[in-house]
Number of protein chains: 2
Amino acid sequence: MPSSKPTPVTMDAVYTAPGYLFRRMQQIAVALFIEECKAFDLTPVQYAALVTISTHPGIDATRLSAVIAFDRSTLGNVIERLQAKDYIVRKPAAEDKRVKLLYLTKAGAGVLNEIMPSVDKAQARMLQPLKPADRKTLLSLLTQLVDLNNEASRVPLRAEDALEHLGRSG
Amino acid sequence: MPSSKPTPVTMDAVYTAPGYLFRRMQQIAVALFIEECKAFDLTPVQYAALVTISTHPGIDATRLSAVIAFDRSTLGNVIERLQAKDYIVRKPAAEDKRVKLLYLTKAGAGVLNEIMPSVDKAQARMLQPLKPADRKTLLSLLTQLVDLNNEASRVPLRAEDALEHLGRSG
DNA sequence: ATTTAATTGACAGTATACTCACAATATGGC
DNA sequence: GCCATATTGTGAGTATACTGTCAATTAAAT
């Protein structure tokens, strides 16, 4: 028992804090995604952007950022990289000279198709250690929490607002 | 009913994916921390480092990175910033000329003491939208999941290993 | 119509978070 | 003692993720 200093009780306060657990799970989730999808040169964020452009062709950067709860500045860089990889193209909008509309290229649609199984595998692995019932519970609680805390984040999800102007008008 | 294009069913696959939910909660958690602690010039990561140095004075950067599951390179920058703010000092180790030991300054101990209530408030707000019973369930499931997925992350938590050499030998 | 306000994309700046690589140092096998 | 190996801190490079600000452009107010 050579314990000359007190036990670091405060570390427990870190390990059990929700903020720490969320950071850690995010770390793990990204690592699993990268590992499963290393054959494709796509990050989780680039994948999310690609899916959204696929489901909403002709969306602009600002609306895209609202749909996936992304910072607009960050998204600019993401778009640049996707464009550099020839997965998307930017076309200037006819009615609004400020806006650049986003579309998948053939290569972009292709990689999206091919990467799907790997993404699904990664998503599954994130929850795999839990019992099936617990997975459902966790997903349900997380979904609620993200929704109820939406306004707390700096870049709230604005799926409805962003899509209002798509598929109906413009 | 002017729906000329199919409903974007695939977006649901994004919104309900665990990876998306984890990223979103991390975003929200950081935003709440920053908001509650804006009176103090400390980020969540800097706070975690400070707590750990406080509970383990004389820890070195590599061990610190293992204790809070941090990338070592990233931690270098964090340490630099904490040092620039005069919250910590680095002292070269006598036995190993490569190692620099980390200690809190008086100012560092002070800010840690003062920020605690704000951190607690932020942590509480993250789960506040849930019913108390659900908060417990979520924390329990998250703790399990982070622990069981530990090896999946690029920088696994090595609390035990890292602390072995502290407080006993050394 | 002209001023005002809001929007869009872009840029600079800061802070994680990771990769790989590299010099200095320490340690192990022999 | 010497040499291969490992460790420590550090640096460069990439990618989020946010803060601002800014010019160009559009929309709104009067």
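Below, chain A is the first sequence line, B the second, and so on; all start at residue 1.
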Any chance the rings of A/Tyr15 and A/Tyr20 have centres within less than 6.0 Å?
yes
Begin with the C-alpha distance, continue with both residues' side-chain angles, and end with the deciding distance and a verdict on side-chain contact (heavy atoms from CB on, under 4.5 Å) for B/Met11 and A/Val67.
CA-CA 9 Å; B/Met11 279 315 286; A/Val67 171; 3.5 Å; yes
For B/Lys121, does the NZ atom sit with more than 12 other heavy atoms under 6.0 Å from it, leaving out its own atoms?
no
Give a yes/no on whether any side-chain N or O of B/Gln26 is located under 4.0 angstrom from OP1 or OP2 of C/dA17.
yes
Using a cut-off of less than 4.0 Å, is there contact between a side-chain N or O of A/Arg81 and OP1 or OP2 of D/dT14?
no
Does C/dA17 have OP1 or OP2 sitting under 4.0 Å from an N or O in the side chain of A/Arg24?
no
Against the side chain of A/Lys97, the closest entry in D/dT26, D/dT16, C/dT19 is D/dT26
Measuring to OP1 and OP2 of C/dG9, would you say a side-chain N or O of A/Thr62 lies under 4.0 angstrom away?
yes
Nucleotide-level pairing of DNA chain D, given in dot-bracket where Watson-Crick and G-U pairs need both distances under 3.5 Å and | marks other strands:
||||||||||||||||||||||||||||||
Need to verify one output field. Residue with the more 5' nearest nucleotide on DNA chain C, B/Arg98 or A/Gln27?
A/Gln27
Would you indicate which nucleotide in D/dA17, C/dT16, D/dA12 comes nearest to any side-chain atom of B/Ser73?
D/dA12
Hey, does A/Val30 reach any base, or is it just sugar-phosphate, or nothing, if we go heavy atoms under 4.0 Å?
nothing
Please check the phosphate of D/dA17 (OP1 and OP2 only) for any side-chain N or O of A/Arg72 closer than 4.0 Å.
no
Nearest nucleotide by nearest heavy atom, which residue falls closer to the 5' end of DNA chain D, A/Asp96 or A/Asn77?
A/Asn77
In this structure, how many angstroms lie between the C1' atom of C/dG13 and the CG atom of B/Asp41, rounded?
15 Å
Kindly say if B/Thr43 contacts the phosphate of C/dT16, meaning a side-chain N or O under 4.0 Å from OP1 or OP2.
yes
